[in-house]
Amino acid sequence: MAFPVRAITLDLDDTLWPFAPIGARVERVLHDWLTQHCPLTAQRFPIEAMRELRERMYVERPDLAHDFSQLRKLSLVRALELAGDDPLHADAAFEAFYDERNRVDFYEDTLDALARLAARVPLAAISNGNADLARVGIGAHFAFQLGAREHGMPKPHAGIFHAACARFPFAPHEVLHVGDDIEMDVVGAHRAGLRSCWINRIGAQWPHEDVRPDLQFTTLAELADWLDSTHTMETVAA
């Protein structure tokens, strides 16, 4: 399928890099930091207990469901207070966590594909997570980053997609959203009026009859190939 694309929005976790290894590492790094600096908290809240406390905070603060960073900070404050450590340590503990959260191992095709895509059209990141493109080291490829925290609502709400389109500024049907998540990325983008591309690295089966992605690839490199081919055909036609 060929259609014009004036800009691309990209999901981050599990689209540009796998998140599971990060999720496992950050819990260990945070616990090690607490062990060194706030031992009472580390003793009372080992990794599993800290995770349970954070999940309780999610239930208590549904108004912050779009803001993982703030929920993490509030969980740390609560844990420090309950354990008898100084809650002022929460900012430093969060920074130890956040530094590790932004240490990613890209999929093998990501960096080259990003450079190729950015050479064709402007790119933006739309994410429900809290990765920072500058810390990750790929900010130069992107015109901007729009997170659920900054927007106030997460994917798949149409508003976050529309806000990104307006910042380019292009109409939704001129923008292609790329991501791994069926509901958050593909269905969300489709319902917001964007074109959609499903990056299906794990060979999953598409579950919907009424909605389908405009494009489906197993790697970001395949999307770059498609965009190169599409732009080449547009140049020849012109």
Side-chain angles (χ1 to χ4, degrees), residues 5-26 29-30 64-73 91 94-157 159-170 172 175-181 184-186 188-189 192 194-199 201 217 219-224 227:
V5 174
R6 298 189 66 185
I8 291 175
T9 56
L10 286 147
D11 174 56
L12 299 177
D13 291 327
D14 292 322
T15 296
L16 304 187
W17 56 73
F19 180 73
I22 301 170
R25 287 200 321 268
V26 294
V29 166
L30 177 59
L64 293 176
H66 62 287
D67 191 344
F68 293 153
S69 291
Q70 186 63 13
L71 282 168
R72 175 76 67 166
K73 289 177 183 178
D91 285 343
F94 177 81
E95 184 59 31
F97 152 82
Y98 196 55
D99 186 61
E100 188 67 22
R101 191 266 181 268
N102 285 293
R103 190 169 67 83
V104 308
D105 294 317
F106 295 101
Y107 290 116
E108 194 172 296
D109 61 293
T110 294
L111 293 178
D112 180 67
L114 276 179
R116 293 171 59 196
L117 293 172
R120 293 289 189 183
V121 296
L123 308 181
I126 302 181
S127 176
N128 287 355
N130 57 357
D132 183 287
L133 293 180
R135 290 198 187 208
V136 170
I138 55 174
H141 292 306
F142 290 82
F144 61 88
Q145 177 176 5
L146 181 60
R149 177 184 185 185
E150 294 75 24
H151 178 68
M153 293 290 282
K155 297 179 295 184
H157 291 278
I160 193 168
F161 292 103
H162 292 162
C165 293
R167 284 183 64 174
F168 277 122
F170 298 125
V175 178
L176 174 69
H177 180 69
V178 180
D180 72 291
D181 191 281
M184 300 294 180
D185 292 309
V186 181
L194 284 71
R195 295 284 191 170
S196 61
C197 175
W198 185 28
I199 301 298
R201 296 180 183 273
F217 300 116
T219 67
L220 206 62
E222 292 175 359
L223 172 61
L227 191 63

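In terms of modelled atom types and a separation under 3.5 Å, the side chain of Arg6 and the main chain of Pro169 share no donor-acceptor contact. Of the possible polar contacts, one joining the Tyr98 side chain to the Asn130 backbone as a donor-acceptor pair under 3.5 Å is found. Here the side chain of Asp14 pairs a donor or acceptor atom with the backbone of Phe19 at under 3.5 angstrom. With hydrogens and angles ignored, the 3.5 Å screen pairs a side-chain donor or acceptor of Asp109 with a backbone N or O of Ala221. A donor-acceptor contact shorter than 3.5 Å links the side chain of Gln145 to the backbone of Leu133. Formation of a donor-acceptor pair under 3.5 Å by the Arg25 side chain with backbone atoms of Arg103 is found in this model. Between the side chain of Trp198 and the main chain of Asp181, no donor-acceptor pair closer than 3.5 Å is present. Formation of a donor-acceptor pair under 3.5 Å by the His162 side chain with backbone atoms of Pro172 is not found in this model.
Closest non-hydrogen pair, Thr110 versus Leu220, comes out as O-CD2, 4.3 Å. Contact between Gly179 and Thr15 at its shortest, heavy atoms only, is CA-OG1, 3.5 Å.
With respect to the salt-bridge test (charged N to carboxylate O, under 4.0 angstrom), the residues Arg101 and Asp13 qualify. In summary, Arg201 and Glu108 do not engage in a salt bridge, as defined by a charged side-chain N under 4.0 Å from a carboxylate O.
Aromatic ring pairs are classed by plane angle as parallel below 30°, tilted from 30° to 60° and perpendicular above 60°; the pair Phe168 and Phe144 is tilted.
Atoms NZ and CG, on Lys155 and Asp11 in that order, are 3.5 Å from each other to the nearest 0.5 Å.
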